[in-house]
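Below is one structure, written out as structure tokens; comments come after it.
Note that these values count all heavy atoms, side chains included, but never hydrogens, waters or copies made by symmetry. Naming convention: chains lettered A, B, ... in sequence-line order (proteins, then strands); numbering from 1 in each chain.
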Number of protein chains: 2
Amino acid sequence: MTISDAPKFRRYAAEERAAMLVQAGLDCLAEGGITAFTVDNVCKRAGASRGLIAHHFGSKDGLLAAVYEAAYAPMLAKIAPETGALALGQLIDTMFDAEAHDLPTLRTWLALWGEIAVNPALKAAHRRNYGQYRAIVEGAIAAHGRSRGLKLDAGPLAASVIALVDGLWLEQCIDPEGFDSQRARTACLGMLEPVLGPLDP
Amino acid sequence: MTISDAPKFRRYAAEERAAMLVQAGLDCLAEGGITAFTVDNVCKRAGASRGLIAHHFGSKDGLLAAVYEAAYAPMLAKIAPETGALALGQLIDTMFDAEAHDLPTLRTWLALWGEIAVNPALKAAHRRNYGQYRAIVEGAIAAHGRSRGLKLDAGPLAASVIALVDGLWLEQCIDPEGFDSQRARTACLGMLEPVLGPLDP
DNA sequence: GGCCTTGCTGAACGGTTGTACAGTAGGGTC
DNA sequence: GACCCTACTGTACAACCGTTCAGCAAGGCC
């Protein structure tokens, strides 16, 4: 075998290569937002040629939808009641830590959210994922109330809890240095307890 | 005067024209996010030629920084204690309504936030504006606690309140239909009162 | 070793991007 | 009406955008 016989590229199984492109897409979003999510950038990062995105996803928008799913999946997995539902206190703790509190992560979500209204496939994916997210929180609040004899309005409360966690996450990401996250978090939990009762299991 | 003598364009005072470009930039961001914030788009919307942005702001990034300032200004104006500080209850109400709860507004802020880390001028502007925002809320909470003999930790509490408002605003913007904003808002206020005491003046 | 499927490449395309700059013309001043 | 300052235009430019597609080649199978 001479040197010129070395393979110029490696062939992967279709779904394996697709996953590589999705990961490269996530990296691009994290690094430079939607502006950096270009065919050139993504393919270069994935170590593939410019044509691959069209080949595997039909178009750039197709890849973006897949990227959105991939971004949401691990968060849902963390709070999903697979091995039995989490206690409310644990759930909220998990929600706080489900996403990294840094700028790259923020940039990824800002970019994705900003495209939801424009990209129909993304909008559908968002409704599905967020609905699932909210249903889990609502279920946990309802169960919490039942087990303690509290009459809780689970719907609006779930929205409030999610808003609190998201808002805190947002501020913390935007300005990581100038934000005392631990104290803010304690203050938030202190805000929830008078309404929900003690959160310790 | 013949028809051909009609002026081809109108001359404005420099700062007036600059304001027109900033407004056009805001409109573009609201409509299509950072992707729609192009020299072509902005100038067309402002009724000017492609060269004007460079002429007035040096570059596209220069304009973007000016746009950020312009986006923050009205919100700060609403909560700024010009004619005496607002009572905490009033302040929180104002915070809830300071920004429109719709997709265009969301898209504008997502786009701006996403660029903060990339654009140094934007980062500086954000720190200045957000610091001012937070100082106002902190001051109101401290005053509230003093006047009622409560020992409040104003710093973390301010961060929590801002997070709550921002998070609620975020969810509401992302999915305006599927979100019962009034009940969520009531739930949020109900969450604050046990910590802060009654918010009515 | 030869065949064959298909993952993959890479050039070509028309369109859009931001910036530069030479030149035009609006409109106040005299 | 002549002058002048400068706000402004509009073309030219090189770089980059997403999509298309004809054809190459990797690597399993016989």
* Asked: Looking across every strand, which nucleic acid part, if any, lies under 4.0 Å from B:A54 by heavy atom: base, sugar-phosphate, or nothing?
  ->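 Answer is nothing: B:A54 stays at 4.0 Å or more from every strand.
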
* Asked: What nucleic acid atoms does A:A13 come within less than 4.0 Å of, heavy atoms only: base, sugar-phosphate, or nothing?
  ->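 Since no nucleic acid heavy atom lies under 4.0 Å of A:A13, the category is nothing.
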
* **Pairs flagged by salt bridge (Lys or Arg N to Asp or Glu O under 4.0 Å) wherever residues 42-54 of chain A is involved - sequence neighbours left out** =>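 Every salt bridge (Lys or Arg N to Asp or Glu O under 4.0 Å) pair that includes a residue of residues 42-54 of chain A, provided the two are not neighbours, is A:E31-A:R45, A:D40-A:R50.
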
If you measure from [atom1] on [X] to [atom2] on [Y], what distance do you get to the nearest 0.5 Å?
X: A:Q132; Y: A:N129; atom1: CD; atom2: CG; answer: 6.5 Å
X: B:H55; Y: B:S49; atom1: NE2; atom2: OG; answer: 10.0 Å
X: A:K60; Y: A:T38; atom1: NZ; atom2: OG1; answer: 6.5 Å
X: B:L164; Y: B:L157; atom1: CG; atom2: CG; answer: 11.5 Å

Calculate the interatomic distance between [X] atom [atom1] and [N] atom [atom2]; express it in whole Å.
X: A:I53; N: C:dG7; atom1: CD1; atom2: P; value: 17 Å
X: B:L52; N: C:dG26; atom1: CG; atom2: C1'; value: 13 Å
X: B:Y12; N: C:dG26; atom1: OH; atom2: C1'; value: 12 Å
X: A:H55; N: D:dA22; atom1: NE2; atom2: C1'; value: 13 Å
X: B:R50; N: C:dG15; atom1: CZ; atom2: P; value: 16 Å

* By side chain to side chain donor-acceptor pair (under 3.5 Å), which residues pair with A:D61, not counting sequence neighbours? ->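 Not a single residue meets the side chain to side chain donor-acceptor pair (under 3.5 Å) criterion with A:D61.
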
* Residues which pass side chain to side chain donor-acceptor pair (under 3.5 Å) with B:R128, listed by chain and number, not counting sequence neighbours ->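 With neighbours one apart ignored, the set is B:E69.
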
* Asked: Taking the side chain of A:S49 as its heavy atoms from C-beta onward, which of C:dA12, D:dA7, C:dT9 lies nearest to it?
  ->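 Among C:dA12, D:dA7, C:dT9, the one nearest the side chain of A:S49 is C:dT9.
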
* Asked: Can you tell me if CD on A:E16 sees more than 12 non-hydrogen neighbours from other groups inside 6.0 Å?
  ->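 It does: A:E16 CD has more than 12 such atoms within range.
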
* Within a strict 4.5 Å, meaning less than it, do heavy atoms of the A:D97 and A:K78 side chains meet? ->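 Counting from C-beta outward, A:D97 and A:K78 never come under 4.5 Å.
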
Table of protein N/O atoms under 3.5 Å from nucleotides 23-25 of chain D N/O atoms:
unit_1	atom_1	unit_2	atom_2	d
D:dA25	OP1	A:K8	NZ	3.1

* To do: Identify, residue by residue, the members of residues 17-44 of chain A with a heavy atom below 4.0 Å from DNA chain D, and return them in order of residue number, or none.
  =>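 Output list: A:F37, A:T38, A:V39, A:D40.
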
* Compute the ring centroids of B:Y72 and B:W109, then answer whether they are less than 6.0 Å apart. =>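 Under 6.0 Å, so yes.
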
* To do: Ignoring hydrogens and angles, tell me if any N or O in the side chain of B:H56 forms a donor-acceptor pair with the backbone of B:A19 under 3.5 Å.
  =>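 No.
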
* Asked: Which of residues 56-63 of chain B have a heavy atom under 4.0 Å from DNA chain C?
  ->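 DNA chain C contact set from residues 56-63 of chain B: B:S59, B:K60.
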
